[in-house]
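In what follows, a single structure is set out as structure tokens and then discussed.
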Amino acid sequence: MYKIAVLPGDGIGPEVVAEGLKVLQAVADKTGFKYETIRYDFGGDRYLATGEVLPDSALEEFRQMDAIYLGAVGHPDVRPGILEQGILLKIRFELDLYINLRPIRLYPGVWTPIKDKGPEDIDFVVVRENTEGLYAGIGGFLRKGTSDEVAIQEMINTRKGVERCVRYAFELTRQRNKGKKLTLCDKANVLTYAHDLWRRVFAEVGEEYPDIEKDYAYVDATTMWMVKNPEWFDVIVTCNMFGDIITDLGAMIQGGLGIAASGNINPGRVSMFEPIHGSAPKYKGTNQINPLAGICAVGMMLKYLDEKEAAIMVDNAVSETLASGKIKDLTAGKTGFTTTEIGDMIVQMV
Ligand code: NAD
Ligand code: IPM
Ligand code: MN
């Protein structure tokens with residue numbers, strides 16, 4: 001019996017999560033695994049009503065679960081950062097979810113803005129470090145609000161944090177059935193301390209993986225190659241900030257934010273699965289957004305829980321639905337279907 005914490009969150013989060021849970025139920029019925037969901041209403045509305053963001057008691061409860069399924073957080077009436085840092089980053093950091101796994105894959109039947117590229121060209125995974133870097137939240141203001149103001153935001157890179165991320169990426173590259181190539185995406189030409197550490201760790205750990213080709217790309221060039229020659233990538237490993245940025249670009253080359261899913265992982269421990277998109281407040285309640293990212297996140301969660309058959313079922317259902325050509329455009333308002341209809345289509349297909 002799996003215990004799954006469900007945090008629908010803000011904006012379109014609840015709509016996406018509702019469709020993901022429909023699909024979870026459908027595959028559970030087919031394959032026989034049992035689960036219970038425990039809902040938490042953390043997000044903008046609760047914060048505005050009570051001042052509560054995410055209490056430590058909830059984190060303690062999450063530690064007892066098998067997985068967390070999150071929609072999105074971020075509310076137009078709440079100052080940026082309060083919910084994002086207070087809920088999403090707090091869960092990532094407190095549960096030590098040090099890997100953010102973000103597959104970039106163009107499904108057959110989906111339109112990509114990249115000319116002359118198809119599903120065989122766009123199929124790689126970004127391994128984003130998820131607990132350090134510029135996200136660590138260390139810094140401060142000096143003389144705030146004056147013309148002499150100083151704002152400092154530190155970038156934290158620990159040997160341990162970099163090494164466990166790089167090692168995970170090498171292992172994943174070994175397991176994947178592609179080019180056995182791992183690209184370190186960094187800015188070692190400018191961040192000559194932080195990314196010098198990344199390069200040294202990459203080289204050292206890489207010695208244990210003679211079967212893996214080691215490749216280096218600066219982050220600016222990475223964005224260029226992702227558009228020009230996405231087929232060159234197998235696995236990319238990168239720091240927290242760069243991983244955030246390049247995966248929104250990645251989402252667009254796989255058809256849009258409506259399909260891109262992610263896993264926040266601490267191998268062997270409770271981990272969190274979510275679409276990579278945000279709460280898209282302008283689409284809230286319109287029934288026009290694409291729930292596939294949230295549904296694919298359920299697929300990633302099942303794979304993580306080692307429910308292989310169920311995970312493959314979700315992936316095949318998404319793949320076959322898209323291959324049928326019915327949904328060509330994954331962008332909000334342009335799929336030709338409502339959010340709930342797309343969820344129903346996937347349920348029918350599993
Ligand atoms: P966003 O990802 O919410 O939306 C940007 C645009 O992407 C939307 O306007 C829409 O055109 C498209 N889009 C997003 N989800 C889609 C879907 N399921 N189907 C189709 N199209 C989709 O990014 P934003 O506007 O920069 O951020 C809005 C809020 O969400 C902010 O408060 C931000 O901090 C937060 N955010 C949260 C998460 C998270 O909880 N994981 C992630 C990113 C942003
Ligand atoms: C993401 C989001 C988050 C991030 C924000 C909302 C804190 O953009 O999951 O990609 O920057 O990691
Ligand atoms: Mn992001």
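In listed order, ligands and their atoms are each counted from 1. Count residues from 1 along the sequence.
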- How does Arg128 reach ligand 2, if at all, at less than 4.0 Å between non-hydrogen atoms: by side chain, backbone, both, or neither?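 For Arg128, the contact with ligand 2 is made by the side chain alone.
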
- Item | Part of Arg92 within contact of ligand 2 (heavy atoms, under 4.0 Å) |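 It is the side chain that touches ligand 2; the backbone stays farther off.
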
- Task: Run through the protein N/O/S atoms less than 2.8 Å from the Mn ion (ligand 3) and write them out by chain and number.
- Result: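 As for protein N, O or S atoms lying under 2.8 Å from the Mn ion (ligand 3), they are Asp244 OD1.
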
- Message: Is Thr335 close enough to touch ligand 1? Criterion: a residue heavy atom under 4.0 Å from a ligand atom.
- Response: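 False for this residue.
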
Would [X] and [Y] count as having a side-chain donor-acceptor pair, cut-off 3.5 Å?
X: Tyr304; Y: Asp66; answer: no
X: Tyr209; Y: Glu171; answer: yes
X: Asp344; Y: Gln348; answer: no

NZ/NE/NH1/NH2 to OD/OE distance under 4.0 Å, [X] and [Y]:
X: Glu163; Y: Lys160; answer: no
X: Glu208; Y: Arg167; answer: yes
X: Arg174; Y: Asp211; answer: yes
X: Glu274; Y: Arg92; answer: yes
X: Asp234; Y: Lys180; answer: no

How far is [atom] from the closest protein heavy atom, and which atom is that?
atom: atom 3 (O) of ligand 1; value: Ala280 N, 2.8 Å
atom: atom 10 (O) of ligand 2; value: Asp244 OD1, 2.9 Å
atom: atom 2 (O) of ligand 1; value: Gly278 N, 2.7 Å
atom: atom 31 (C) of ligand 1; value: Glu84 OE2, 3.8 Å
atom: atom 40 (O) of ligand 1; value: Val73 N, 2.8 Å
atom: atom 11 (O) of ligand 2; value: Tyr135 OH, 2.6 Å

- Query: Does atom 24 (P) of ligand 1 have a protein non-hydrogen atom under 4.0 Å from it?
  - Reply: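 No, there is none.
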
- Relative to the heavy atoms of Tyr283, which atoms of ligand 1 are at a distance of less than 4.0 Å?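 Here the atoms of ligand 1 in question are 9 (O), 10 (C), 11 (O).
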
- Interfacing atoms of ligand 2 (cut-off 4.0 Å, heavy-atom, Glu84):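 With Glu84 as reference, the close atoms of ligand 2 come out as 6 (C), 7 (C).
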
- Using heavy atoms and a threshold below 4.0 Å, how should the contact between Ile276 and ligand 1 be classified: side chain, backbone, both, or neither?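 For Ile276, only backbone atoms sit under 4.0 Å from ligand 1.
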
- Who's closest to atom 30 (O) of ligand 1 heavy-atom-wise, of Gly74, Ala260, Gly43, Ser279?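 Among Gly74, Ala260, Gly43, Ser279, the closest heavy atom to atom 30 (O) of ligand 1 belongs to Ser279.
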
